[in-house]
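Here the structure comes first, spelled out in structure tokens, and everything after it is commentary.
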Amino acid sequence: MLHQIFTQTINNYTNNPGLIKKYWAEIESEYTFINRFYHTLIHIDNMITELNDAKCMINEWDSVIFSAFYHDMIYNITAKDNEEKSAILARLRLNKISFPKEKTERCVKMILATKSHDFSPDNDINLFVDADIVILGKSPDNYTIYKNQIRQEYSCYPDSEYNEGRRKVLNHFLPQATIYKTLFFQEKYEQQARQNLLYELELLQ
């Protein structure tokens, strides 16, 4: 399904089947890498599913789709510039097709926005970053699977170091007036997300 979505989208901007095949192979390779447990193609699929429910509110659908596929392309748990490198890669790839430059730069902004998940004056960006973290507001069982997958991705760190870093992540979201930036996602996930984050924070004490 994801392959079909990507192919249908990119076909609007290039008729080069070799390039399309190369781009998809790269995406598939990165997201199925052995050290990924949560940041996989399943995450991309879940994001697009959530965004599809909000499609009527999105101005630049193709920009959102490309951003979803590229936002976690670079994922090195010891690095602090994954979003920046993913954005650069997205720009390089999109500049080789006839995707408008201004839309490419919008993709770059969307990808960079997933670093802090701050509120943006661009509602497409707000919907995009909200979709990136819908897992926070899923059922307790699904949230437990997620937090365990994140721990697997950071398995090279001892519990003491991991717990300290994870507490910082949770405490980034909890003091905010709302975890989600759009009313659409607030109504669906805000209450459960706060419960899940508080639950995990208690476990990390």
Side-chain angles (χ1 to χ4, degrees), residues 30-51 53-54 67-68 70-87 109-123 125-205:
E30 290 299 324
Y31 283 102
T32 57
F33 198 67
I34 192 170
N35 68 339
R36 294 194 187 222
F37 296 90
Y38 173 72
H39 293 90
T40 65
L41 288 172
I42 294 174
H43 170 54
I44 307 304
D45 188 44
N46 290 337
M47 273 190 76
I48 293 175
T49 298
E50 294 284 347
L51 288 164
D53 289 341
S67 297
Y70 281 99
H71 82 286
D72 281 329
M73 278 286 285
I74 307 300
Y75 188 66
N76 178 356
I77 63 166
T78 63
K80 296 182 179 181
D81 59 353
N82 289 323
E83 293 83 3
E84 289 85 353
K85 287 183 177 178
S86 294
K109 289 180 180 179
M110 283 189 197
I111 294 170
L112 293 176
T114 63
K115 192 178 185 78
S116 61
H117 292 88
D118 291 332
F119 182 81
S120 169
D122 186 331
N123 196 55
I125 292 178
N126 291 328
L127 288 166
F128 183 77
V129 298
D130 278 356
D132 187 39
I133 56 170
V134 292
I135 187 61
L136 302 183
K138 293 293 186 176
S139 71
D141 287 345
N142 285 336
Y143 186 85
T144 295
I145 293 171
Y146 151 74
K147 76 177 182 61
N148 291 341
Q149 289 172 334
I150 294 298
R151 184 65 184 100
Q152 286 179 284
E153 289 184 342
Y154 285 81
S155 60
C156 64
Y157 292 100
D159 285 345
S160 58
E161 193 172 349
Y162 174 80
N163 291 352
E164 180 182 357
R166 187 63 180 168
R167 282 194 295 268
K168 288 180 180 179
V169 172
L170 302 180
N171 283 320
H172 168 76
F173 289 108
L174 282 168
Q176 298 179 17
T178 59
I179 293 170
Y180 297 99
K181 308 309 173 189
T182 62
L183 183 61
F184 178 81
F185 284 107
Q186 287 168 20
E187 290 178 341
K188 292 179 71 174
Y189 298 118
E190 183 75 24
Q191 184 176 1
Q192 187 61 54
R194 289 194 173 275
Q195 292 176 14
N196 289 336
L197 295 184
L198 288 168
Y199 162 73
E200 184 179 1
L201 193 60
E202 186 176 344
L203 293 177
L204 295 170
Q205 300 304 323

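All residue numbers in this chain count up from 1 along the given sequence.
Side chain of Gln205 to backbone of Leu201: a donor-acceptor contact under 3.5 angstrom is found. Between the side chain of Gln176 and the main chain of His172, a donor-acceptor pair closer than 3.5 Å is present. A distance-only check finds no donor-acceptor pair linking the side chain of Asn196 to the backbone of Tyr143 [under 3.5 Å]. Between the Arg36 side chain and the Leu41 main chain, no donor and acceptor come within less than 3.5 Å of each other.
Atom CG of Asp130 and atom CE of Met47 lie 10.0 Å apart (nearest 0.5 Å). Atoms CD1 and CD1, from Ile135 and Ile42 in turn, are 11.0 Å apart once rounded to the nearest 0.5 Å. One distance of note links OG of Ser120 with CG of Asp122; it measures 5.0 Å at 0.5 Å rounding.
Scanning all heavy atoms of the two residues, the minimum distance from Ser116 to Asp118 falls at OG-OD2, 2.9 Å. A pairwise comparison of heavy atoms in Gly137 and Tyr180 identifies N-OH, 3.2 Å as the closest pair. Shown here for Leu204 and Arg167, the closest heavy-atom pair between the two residues is O-NH1, 2.7 Å. When all heavy atoms are compared, the tightest approach of Phe185 to Glu50 is CE2-OE1, 3.7 Å. Residues Ala54 and Leu127 come closest through the heavy atom pair CB-CD2, 4.3 Å.
Checked against ring pair (Phe, Tyr, Trp, His ring centres under 6.0 Å), Tyr199 has no partners two or more places apart in sequence or in another chain. Phe119 pairs by the side-chain contact (heavy atoms from CB on, under 4.5 Å) definition with Asn126, Lys181, not counting sequence neighbours. Glu202 pairs by the side-chain contact (heavy atoms from CB on, under 4.5 Å) definition with nothing, not counting sequence neighbours. Taking Lys115 as the reference, Glu83, Glu84 meet the side-chain contact (heavy atoms from CB on, under 4.5 Å) condition, with sequence neighbours excluded. Legend: residues meeting side chain to side chain donor-acceptor pair (under 3.5 Å) with Arg194, ordered by chain and number and at least two apart, are Glu190. Residues passing the ring pair (Phe, Tyr, Trp, His ring centres under 6.0 Å) test with Tyr38, sequence neighbours excluded: His43, Tyr146.
Side-chain contact between Lys188 and Asp53: present, with at least one pair of heavy atoms (C-beta onward) separated by less than 4.5 Å. A heavy-atom distance below 4.5 Å is found between the side chains of Leu136 and Leu197. Between Glu153 and Gln149, the closest side-chain pair of non-hydrogen atoms is not below 4.5 Å. Looking at heavy atoms from C-beta onward, Ile133 lies in side-chain contact with Ile179 at the 4.5 angstrom threshold. Residues Met73 and Ser86 form a side-chain contact, since some pair of their non-hydrogen atoms from C-beta on lies under 4.5 Å apart.
For Asp132 and Thr114, the side-chain atoms include no donor-acceptor pair closer than 3.5 Å.
The only option from Asn82, Asp72, Ile77 that meets the side-chain contact (heavy atoms from CB on, under 4.5 Å) definition with His39 turns out to be Asp72.
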Q: Tell me, with the steps shown, if Tyr162 and Ile150 meet side chain to side chain contact (heavy atoms under 4.5 Å, CB included).
A: CA-CA 10 Å; Tyr162 174 80; Ile150 294 298; 3.4 Å; yes
task = In sequence, state the C-alpha distance, the side-chain angles, and the governing distance for Asn76 and Lys85, and then conclude on side chain to side chain contact (heavy atoms under 4.5 Å, CB included).
result = CA-CA 10 Å; Asn76 178 356; Lys85 287 183 177 178; over 6 Å; no
Item checked: Test side chain to side chain contact (heavy atoms under 4.5 Å, CB included) applied to Leu203 and Lys147, step by step -> CA-CA 11 Å; Leu203 293 177; Lys147 76 177 182 61; 3.9 Å; yes
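Residue-environment remark: CD (Gln191) stays at or below the threshold of 12 foreign heavy atoms within 6.0 Å.
Taking the six-membered ring where tryptophan is involved, the planes of Tyr75 and Tyr154 are perpendicular, since the angle between them exceeds 60° and thus also 30°.
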